[in-house]
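Okay, structure first, notes after.
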Amino acid sequence: MTHHPFIEKFRQAGQAQVFAFWEQLSAAERASLIAQAGEIDLAEVDRLFRSLVAKSAGQAGVSLEGLTPPPCERLPEHGGDAAAWAKARAAGEAALRGGHVAAFTVAGGQGTRLGYDGPKGTFAVTPVSGKSLFQVFAEKIAAAGRRYGRPLHWFIMTSHANHEQTEGFFRDHKFFGLDHARVHFFRQGRMPAVDFSGKILLEDKAAIALSPDGHGGSLRALHRSGALDLMKSEGVTTLSYFQVDNPLVRCVDPAFLGFHLLRQSEMSSKMVPKAYPEEKVGLFCQRGDALVVVEYSDMPMAMQRETNADGSLRYGAGNIAIHVLDREFARRLAAGGEGVALPFHRADKKIATIDAAGRAVRPDQPNGVKFELFVFDALPFARNPVLIETARADDFSPVKNAEGVDSPKTSREDQLRQFARWFKAAGASLPVDASGLPALALEVSPLFGYDTETFVESWRKLAPPPQPRDGLYLE
Ligand code: UTP
């Protein structure tokens, strides 16, 4: 057998099967396999196997010890302090005017539930013109840059699988009018999948079964890619983090940014009140000084049903994956070290692989384990974390599934309801059903308005305002 230092290293770690087909590979395939092997931290894989797979039948889960409901800045309409919100908003606007904020989208997921062939950000989501998720965000970011007199930097985390296609999509669409020098793509890291005895799986004779290391991998990818250094040299201190699948998201929200900055928080989060006790969302909780997210599957149902005196859920602060991160906090966590590293989670999956004879295996039951990092696991490490409430209808309607809940249909309808609310706020009557859904197909470009205030401002400038009619598209 031809020798390569990696082959010996893997053999010593009990992972010789990775190179089982070496003799059959071409020079290019060998080079590719070696490059993939070079991404793997064998000691880490061994540690994860021992702690997450070998030791326990299931996931260790989060301890429920000492958990209490977290403090939260309620919306003024739910009893929050309107003056504090106004002050926060002013602080956030000042940061935007100063160019201290960048948008950050995590777009490295595999999007298996949606089953769409392509990077999820390229999926068409808007109700009339069928704009892609990326275009919606691009226009919101462009509009905010214009409003505050400072174009924003936008960081987009991709995966190995979708990086080129994502970049190509932006190039093909001329970056949707954004300055391409301010749009930055970087790949997230990958982790190998292992079988239930800890052996690294091959996807093919020359390919290791590698998959993205989770949205929590964003912190180390920001660091490794040089994004944090670029932010520093550009005077950006704060990242506005959101997921690629949520067209309603406020890409940069001045009040949220302001609360974060005024409290000198290292990481802040938005929550929405859970719609019903069984809703499958992670829950914000407090433990001592730390803000933590407990997964719904880790909290007993009886606890999830506990109520306050007013009937609201005691543990009802749902995580919608919208965060603000301090640049240096991201650097500190990326560097890791004793006690500050994000924990990996285990997910049992059906992993396409090959058998010892090199024949394809397509299991119908989980045959292995993937390891992933979650970004909300950074919260307990953050100093002065802030949690604020947001209205679901104004910030959250993700496209996760092909049909049913959180699907293109529900997201499209939530966009339509939002547009109808803006029309109403501007004094334009629009027939809607009991759920607020307008009878007309309409769409508002974020360049015209991206929240109630910006919409109403633009609307008032129209002379005379157009009559809402079928297929109305405002730009
Ligand atoms: P999801 O948890 O919805 O996962 O990601 P997913 O991979 O996109 O979809 P499914 O589960 O296969 O259907 C939430 C967000 O985190 C990003 C996704 O792109 C999405 O914006 N993400 C997820 C990453 O950037 N990297 C990852 O490794 C995982």
Side-chain angles (χ1 to χ4, degrees), residues 39 48 103-123 125 132-134 136-138 154-163 165-167 169 184-193 209-225 227 239-249 251 269-270 280-282 293 295-297 318-323 325 330 334 342-352 366 369-378 395-408 410-411:
E39 286 180 42
L48 293 176
F104 178 30
T105 309
V106 286
Q110 294 174 302
T112 36
R113 283 170 289 171
L114 183 61
Y116 165 68
D117 187 21
K120 215 189 218 185
T122 67
F123 185 74
V125 275
S132 64
L133 283 152
F134 280 137
V136 172
F137 304 140
W154 183 14
F155 294 90
I156 299 172
M157 184 174 82
T158 62
S159 65
H160 280 69
N162 71 22
H163 186 85
Q165 250 184 304
T166 302
E167 278 192 327
F169 187 73
H184 315 281
F185 304 93
F186 59 92
R187 286 184 180 84
Q188 70 177 108
R190 296 194 283 188
M191 288 294 290
L210 290 166
S211 53
D213 59 359
H215 41 65
S218 58
L219 301 178
R220 43 194 207 174
L222 276 167
H223 183 46
R224 203 176 37 233
S225 66
L239 278 169
S240 181
Y241 171 109
F242 55 91
Q243 300 190 332
V244 75
D245 53 21
N246 178 17
L248 281 195
V249 71
C251 298
S269 300
K270 277 189 180 176
K280 292 182 173 172
V281 284
V293 172
E295 292 193 74
Y296 62 86
S297 48
N319 176 21
I320 50 169
I322 303 176
H323 309 284
L325 288 155
L342 295 189
F344 273 95
H345 295 253
R346 154 192 182 169
D348 295 8
K349 300 266 182 180
K350 292 177 253 180
I351 298 158
V369 175
K370 290 186 180 181
F371 299 111
E372 279 195 332
L373 297 163
F374 296 160
V375 77
F376 54 74
D377 280 329
D395 244 331
F396 188 60
S397 185
V399 177
K400 297 275 187 201
N401 305 304
E403 279 168 16
V405 288
D406 296 340
S407 63
T410 56
S411 184

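Numbering of ligands and ligand atoms starts at 1, following listing order. Every value quoted in this text rests on a predicted model; they were computed, and no experiment measured them.
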**Request:** Any atoms of ligand 1 less than 4.0 Å from a non-hydrogen atom of K400? List them with their elements.
**Result:** 1 (P), 3 (O), 14 (C)
**Request:** Please could you name the atoms of ligand 1 that V244 approaches to less than 4.0 Å, counting only its heavy atoms?
**Result:** 19 (O), 21 (O)
**Complete:** Here the atoms of ligand 1 under 4.0 Å from any heavy atom belonging to M157 are 25 (O)
**Request:** State, with a plain yes or no, whether a side-chain heavy atom of L114 is found less than 4.5 Å away from one of K120.
**Result:** yes
**Prompt:** Under 3.5 Å between some N or O of ligand 1 and some N or O of G214?
**Reply:** yes
**Request:** Over 60° means perpendicular and under 30° means parallel, so classify the ring planes of F344 and F371, tilted if in between.
**Result:** perpendicular
**F374 side chain reached by L342 side chain, heavy atoms, under 4.5 Å** = no
**Prompt:** Among protein heavy atoms, which lies nearest atom 25 (O) of ligand 1, and at what distance?
**Reply:** G108 N, 2.8 Å
**Message:** For atom 26 (N) of ligand 1, what's the nearest protein heavy-atom neighbour? Residue, atom name and distance, please.
**Reply:** Q188 OE1, 2.6 Å
**Request:** For atom 21 (O) of ligand 1, grab the closest protein heavy atom and report residue, atom and distance to one decimal in Å.
**Result:** V106 O, 2.7 Å
**Item:** Expected output: side-chain S411 to main-chain S397 donor-acceptor under 3.5 Å
**Value:** yes
**F104: which of Y241, F185, F242 passes ring-ring contact (aromatic ring centres under 6.0 Å, His included)** = Y241
**Request:** Give the residue, atom name and distance (to 0.1 Å) of the protein heavy atom nearest atom 16 (O) of ligand 1.
**Result:** H215 CD2, 3.5 Å
**Message:** Need the ligand 1 atom indices (1-based, order shown) with element for anything under 4.0 Å from a heavy-atom of P212.
**Reply:** 28 (O)
**Fill in**
The closest protein heavy-atom partner of atom 14 (C) of ligand 1 is Q243 NE2, 3.4 Å
**Asked** Under 4.0 angstrom from ligand 1, any heavy atom of G217?
**Response** no
**Prompt:** How far is atom 12 (O) of ligand 1 from its nearest protein heavy atom, and which residue and atom name does that atom have?
**Reply:** T112 OG1, 2.4 Å
**Request:** Name the option, out of P398, G189, G111, G109, that contains the heavy atom nearest to atom 9 (O) of ligand 1.
**Result:** G111
**Item:** Polar proximity ligand 1 side, L114 side, N/O cut 3.5 Å exclusive
**Value:** no
**Request:** Look only at the side chain of T122 and the backbone of G118, and say whether a donor-acceptor pair between them is shorter than 3.5 Å.
**Result:** no
**Request:** Starting from atom 7 (O) of ligand 1, locate the nearest protein heavy atom and write down its residue, its atom name and how far away it is, to 0.1 Å.
**Result:** Q110 N, 2.8 Å
**Asked** Any donor and acceptor pair, going by atom type alone, linking the side chain of S159 with main-chain N or O of A161 inside 3.5 Å?
**Response** yes
**Item:** Whether N401 side chain and V405 backbone form a donor-acceptor pair below 3.5 Å
**Value:** yes
**Prompt:** Which protein non-hydrogen atom lies closest to atom 1 (P) of ligand 1, naming both residue and atom, and how far is it?
**Reply:** R113 NH2, 3.7 Å
**Message:** Regarding R190 and D213, does a basic nitrogen lie under 4.0 Å from an acidic carboxylate oxygen?
**Reply:** no
**Listed partners of F169 passing ring pair (Phe, Tyr, Trp, His ring centres under 6.0 Å), at least two apart** = H173, F176
